[in-house]
Colleague: 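One structure is given below, represented as structure tokens, and several questions about it will come after.
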Amino acid sequence: MKLLYLLLFSTPLWAQPLQMRGGLQIRGIYYNSEGQPPRRDPFTYVISGNHQLSFLGMHLPFSYSFSDQGRNFQQPFNRFGLSPTYKWITLHGGYRNLSFSPYTLDGHTLFGGGIELRPGKFNVGFAMGRLNKATAIDSTSGQTWAQAFHRTAFAAKAGFDGEKTSITLSYLQAKDDAGIVADSATNRPAANSVLGLAFKWKFLPKFHLIADGGFSLYTRDRFSTLNFTPDKGKKLYEALNLNASTEGQMAYTAGLGYQGKDFGIDILYRYVDPNFESMGVYYFLNDLKSLSLAPKAQLLKGKLRFQANIGIQEDNVLQQKEATTRRIIALANASYNITDKFSIDGNYSNYSSNAEPKVTFVQDKYLLAQTNTNYSITPRLLLPGNKFNQLILLSFHGAGLKDVNAENSDIQTQVAFLSYNLIFSKFSVIAGLNYNNNTFATGKVNLYGWQAGGNANLLKKALSLGLNTSWNKSESPQGKGTILNSQLNANYRFYKKHQLQFRVNSLLNKVGETHNELTGELAYGLNF
């Protein structure tokens with residue numbers, strides 16, 4: 001009641017007019033292909049918009065997108081949602097992607113409603129709605145889809161965010177509704193309850209401790225005939241849909257860190273049980289434990305910056321598999337601004353994996369023993385001037401895969417790129433050379449060529465034009481060929497809020513059978 005009073009009477013209505021901001025875009029796309037089957041329809045259209053209504057201190061953002069491609073999908077992307085905010089109150093309605101915890105509700109699309117309250121250092125949130133829509137057979141085409149139940153969920157969180165300490169408790173309860181689609185022996189209505197806890201603590205001047213975990217009770221079959229209900233806690237078991245098909249899994253992350261003026265380091269441990277699942281999260285990498293060390297530093301008065309991550313990871317945490325796979329991960333990157341004009345960046349990564357049988361080796365070898373290595377170096381030279389600036393950039397990247405067991409299975413890749421940029425106040429020009437070499441057991445594949453282009457701003461920057469062309473030659477054991485790609489872009493702004501966009505792209509491919517593609521796009525945009 002107090003909130004309603006504030007909305008209606010705290011400020012005169014005439015002092016808070018209804019405002020709408022955002023943008024609308026209408027695009028038409030033309031496509032033509034010769035020499036090969038077309039990859040898309042000859043003509044498509046897209047209508048999209050992002051808007052925000054403001055009134056009485058509340059903000060109501062929403063967006064939409066319509067396309068002729070949407071009719072080909074069971075769940076087209078024609079979705080609406082809004083999250084109006086008034087001071088520390090936020091309401092959610094329609095299609096929303098909320099994040100309460102990495103283990104309970106984290107980015108999963110929810111069709112429903114919710115509320116988040118942030119009075120001072122406290123925060124509370126509730127949300128409920130549909131996670132999945134039931135699937136069925138398309139009666140018009142007879143096409144069948146992957147069977148799924150109508151899935152609903154309720155999520156809640158409560159937390160406190162202080163200067164040195166923060167803690168958040170979250171909960172998710174979700175279930176599949178039976179009867180909407182026919183179940184089977186392999187697809188049964190499930191249920192899930194997940195409890196999450198996150199904690200952060202800053203102690204001493206420069207140390208911090210973090211912990212974040214979740215415990216999931218996943219029932220594979222809500223209506224299993226192998227039910228068991230104890231004498232005590234019967235109502236709780238029924239409310240959580242617990243029975244003989246229920247599994248309990250745990251996942252957590254804990255870390256300790258130090259952050260000084262020029263040096264910092266973090267130690268992080270992660271553990272995930274096999275088959276850990278949460279209906280409020282799309283995907284989990286499970287059955288693993290890992291320990292990583294991540295130092296970072298800045299030296300020479302901030303000119304040299306360095307950070308790295310070294311860790312070891314393995315699966316089979318409960319010793320239920322016949323083999324255990326271990327991975328060693330090493331990452332490092334550095335940036336050195338030698339002078340105001342010259343700087344250099346470097347990156348290195350190494351991933352080593354091996355799968356060791358628990359009983360005996362197979363032919364005196366590991367089941368898996370591979371090493372992936374990536375490295376790159378990028379020097380840059382900037383030459384400023386009174387009328388124009390020049391930028392010369394050289395980039396080299398290398399990668400390799402080495403299999404200890406297999407013979408003649410190594411893969412090596414080298415990529416080099418050199419570019420020259422000439423930048424004026426109203427236009428710029430770019431030219432470059434590229435080289436790509438891939439070595440396999442069956443032979444080598446080379447790709448090299450050039451690219452050139454430019455951009456210009458005309459009519460007091462109301463009109464921008466861009467033209468880019470690239471030519472590449474391919475050499476492989478199967479033969480040789482060339483690829484020519486050209487693109488023209490134009491963008492014209494008029495009456496401040498309106499703009500027209502035009503793009504045409506031409507592709508001529510002479511690798512194997514010759515074919516060419518032409519794509520044209522015309523768009524109108526309105527910003528208000």
Colleague: Are any of the side-chain heavy atoms of L24 and I47 separated by less than 4.5 Å?
Modeller: yes
Colleague: Can you check whether Y45's main-chain N or O pairs, donor with acceptor, with S67's side chain at less than 3.5 Å?
Modeller: yes
Colleague: Does any donor atom in the side chain of N434 or N472 lie under 3.5 Å from an acceptor atom in the other side chain?
Modeller: yes
Colleague: How long is the gap from CG on L526 to NE2 on H498, to the nearest 0.5 Å?
Modeller: 5.5 Å
Colleague: Take Y435 and N446 through the side-chain contact (heavy atoms from CB on, under 4.5 Å) test and state the conclusion after the steps.
Modeller: CA-CA 8 Å; Y435 174 77; N446 294 326; 3.8 Å; yes
Colleague: Would a 4.5 Å heavy-atom cut-off, applied to side chains only, mark R96 and S83 as touching?
Modeller: yes
Colleague: Quick one about N457 and S464 (side-chain donor to acceptor, distance below 3.5 Å, no hydrogens or angles considered), yes or no?
Modeller: no
Colleague: List for me each residue that meets ring-ring contact (aromatic ring centres under 6.0 Å, His included) alongside Y103, sequence neighbours excluded, and say none if there are none.
Modeller: F284
Colleague: Please name the pair of heavy atoms, one in S349 and one in L331, separated by the smallest distance, quoted to 0.1 Å.
Modeller: CB-CD2, 3.2 Å
Colleague: Between S33 and R39, do the side chains contain an N or O donor and an N or O acceptor separated by less than 3.5 Å?
Modeller: no
Colleague: If we ignore angles and hydrogens, is there a donor and acceptor under 3.5 Å between the side chains of D106 and S99?
Modeller: yes
Colleague: I need the N468 CG to Q451 CD distance, nearest 0.5 Å.
Modeller: 7.0 Å
Colleague: Strictly by modelled atom types, are N372 and N374 linked by a side-chain donor-acceptor pair under 3.5 Å?
Modeller: no
Colleague: Is the shortest heavy-atom distance from the side chain of F440 to the side chain of V445 under 4.5 Å?
Modeller: yes
Colleague: Using the rule given for side-chain contact (heavy atoms from CB on, under 4.5 Å), can you reason through K133 versus F149, listing the C-alpha separation, both sets of side-chain angles and the distance that settles it, and then say yes or no?
Modeller: CA-CA 7 Å; K133 182 188 295 184; F149 290 94; over 6 Å; no
Colleague: Kindly give the heavy-atom pair with the smallest separation between Q259 and G264, and that separation in Å.
Modeller: OE1-CA, 4.0 Å
Colleague: Please report the shortest heavy-atom distance between A155 and L172, naming the atom on each side.
Modeller: CB-CD1, 4.1 Å
Colleague: Taking the ring centre of each residue, are F43 and Y30 less than 6.0 Å apart?
Modeller: no
Colleague: Report yes if the side chains of T413 and N437 come closer than 4.5 Å at any heavy-atom pair, otherwise no.
Modeller: no
Colleague: Quick check on D340: does its CG atom have over 12 non-hydrogen neighbours (other residues, nucleotides or ligands) under 6.0 Å away?
Modeller: no
Colleague: Test: salt bridge (Lys or Arg N to Asp or Glu O under 4.0 Å). Region: residues 423-451. Which pairs qualify, not counting sequence neighbours?
Modeller: none
Colleague: What distance separates R503 CZ from T519 OG1, expressed to the nearest 0.5 Å?
Modeller: 6.5 Å
Colleague: I'd like to know if the side chain of T90 and the backbone of T85 have a donor-acceptor N/O pair within less than 3.5 Å.
Modeller: no
Colleague: For residues I338 and K303, report the shortest heavy-atom separation together with the two atoms involved.
Modeller: O-NZ, 4.3 Å
Colleague: What are the two closest heavy atoms between L131 and A174, and how far apart are they?
Modeller: CD1-CB, 4.2 Å
Colleague: Taking atom NE2 of H515 and atom CD of Q36, what is their separation to the nearest 0.5 Å?
Modeller: 4.0 Å
Colleague: Measuring from S292:OG to I310:CD1, what's the distance to the nearest 0.5 Å?
Modeller: 10.0 Å
Colleague: Quick check: do N491 and Q499 have side-chain heavy atoms less than 4.5 Å from each other?
Modeller: yes
Colleague: How long is the gap from OG on S428 to CG on N421, to the nearest 0.5 Å?
Modeller: 7.5 Å
Colleague: Any side-chain heavy-atom pair from N505 and N485 closer than 4.5 angstrom?
Modeller: yes
Colleague: Tell me if a side-chain donor or acceptor on N97 pairs with a main-chain N or O of G107 at a distance below 3.5 Å.
Modeller: yes
Colleague: Testing the 3.5 Å rule here: is there a donor-acceptor pair between the side chains of D266 and H208?
Modeller: yes
Colleague: Would T514 and N509 count as a side-chain contact (heavy atoms from CB on, under 4.5 Å) if you check the C-alpha gap in whole Å, the side-chain angles of each, and the deciding distance to 0.1 Å?
Modeller: CA-CA 6 Å; T514 300; N509 191 326; over 6 Å; no
Colleague: Using every non-hydrogen atom in the two residues, find where N455 and G466 come nearest and quote the distance to one decimal.
Modeller: OD1-CA, 3.5 Å
Colleague: Indicate whether the side chain of Y524 and that of Q501 have a donor and an acceptor atom separated by less than 3.5 Å.
Modeller: no
Colleague: Going by distance alone, is a donor N or O of one side chain under 3.5 Å from an acceptor N or O of the other, for D345 and T378?
Modeller: no
Colleague: Can you find a heavy atom in the side chain of I210 that is under 4.5 Å from one in the side chain of L268?
Modeller: yes
Colleague: Quick check on the 6.0 Å ring-centre criterion: do Y492 and F494 meet it?
Modeller: yes
Colleague: Going through the checks in order, is the side-chain hydrogen bond (donor to acceptor under 3.5 Å, both in side chains) test met by E475 and Y448?
Modeller: CA-CA 9 Å; E475 297 178 346; Y448 54 90; 3.0 Å; yes
Colleague: Donor-acceptor pairs under 3.5 Å, side chain of residues 388-399 to any protein atom, not counting sequence neighbours: which ones?
Modeller:
unit_1, atom_1, unit_2, atom_2, d
N389, OD1, G385, N, 3.1
Q390, OE1, Y420, OH, 2.6
H397, ND1, Y375, O, 3.3

Colleague: Please identify each residue that fulfils ring-ring contact (aromatic ring centres under 6.0 Å, His included) with Y495, with sequence neighbours left out.
Modeller: none
Colleague: Check this for me: does any side-chain nitrogen of one of K200 and D161 sit under 4.0 Å from a carboxylate oxygen of the other?
Modeller: no
Colleague: State, yes or no, whether a side-chain contact exists between H92 and L98 at a heavy-atom distance under 4.5 Å.
Modeller: yes
Colleague: When you check the side-chain N and O atoms of T373 and N350, is any donor under 3.5 Å from an acceptor?
Modeller: yes
Colleague: Test V511 against T482 for side-chain contact (heavy atoms from CB on, under 4.5 Å), laying out the working first.
Modeller: CA-CA 6 Å; V511 179; T482 59; over 6 Å; no
Colleague: Around atom CZ of R380, are there more than 12 heavy atoms from other residues, nucleotides or ligands closer than 6.0 Å?
Modeller: yes
Colleague: Taking only residues two or more places apart in sequence or in another chain, which ones pass ring-ring contact (aromatic ring centres under 6.0 Å, His included) with F417?
Modeller: none
Colleague: Excluding sequence neighbours, so at least two apart, what forms ring-ring contact (aromatic ring centres under 6.0 Å, His included) with F528?
Modeller: H51
